[in-house]
Amino acid sequence: MPEERRRKINGRAHQRFPTSFEAWIGRHGLYLPAQVADVSVRGARIILLHQAITLAIGEQVTLRAHGCELDATVVRRSPDGYGLHFLSDIAPLQLVRENYAPLSRLKSRRPAAGTPPGPGETSLSACKG
């Protein structure tokens, strides 16, 4: 199927990859726990784990997960989460792989529960498109 036609059918410029891994959304110097529900070259759909907190469309945030730290803009809010648009392209499958690493590797790298991974704990390799 030609690329133009595929875009018209699903309304997306880039293929989405369904996933489910823990991440953190940085805003105003605080990091909020979130779940990444799908990811593409230019964006992601996230679900905030604290429903009492909301993000505004147009708000600048940082998505932090193992293997990546990305600046993004909130572009959509819906009952199934928030749409983020990354400011630069990423390698989505590499990001998913990094976050589905074997449990033993995650345990050795993962910070204490409730703490976002720090810059020294991310390889940033998944951020390169």
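The structure displayed is predicted, hence computed values, not measured ones. Counting from 1, the numbers follow the sequence of the chain as shown.
Contact record, Tyr82 with Ile53: OH-O, 4.1 Å, taken as the closest heavy-atom pair.
Pairs passing the salt bridge (charged side-chain N to carboxylate O under 4.0 Å, His left out) check and including a residue from residues 77-86, sequence neighbours excluded, read Arg45-Asp80.
Remark: Thr19 engages Tyr100 in a side chain to side chain donor-acceptor pair (under 3.5 Å) (not counting sequence neighbours). In this structure Thr54 satisfies the side chain to side chain donor-acceptor pair (under 3.5 Å) test with no other residue, sequence neighbours excluded. Under the rule for a side-chain contact (heavy atoms from CB on, under 4.5 Å), the partners of His28 that lie at least two apart in sequence or sit in another chain are Glu59.
Using a 4.5 Å cut-off on side-chain heavy atoms (C-beta onward), Phe21 and Leu95 make contact. Counting heavy atoms from C-beta outward, Leu49 and Glu22 have side chains that stay 4.5 Å or more apart. Put simply, the side chain of Val74 reaches to within 4.5 Å of the side chain of Leu84, judged on heavy atoms. A heavy-atom distance below 4.5 Å is not found between the side chains of Asn99 and Val36.
Donor-acceptor pairing under 3.5 Å is recorded for the side chains of Gln35 and Ser20.
With values rounded to the nearest 0.5 angstrom, Leu70 atom CG is found 11.0 Å from Arg64 atom CZ. The OG1 atom of Thr73 sits 11.0 Å away from the CZ atom of Phe86 when rounded to the nearest 0.5 Å. The NE2 atom of His85 sits 12.5 Å away from atom CZ of Arg76, with the distance rounded to the nearest 0.5 Å.
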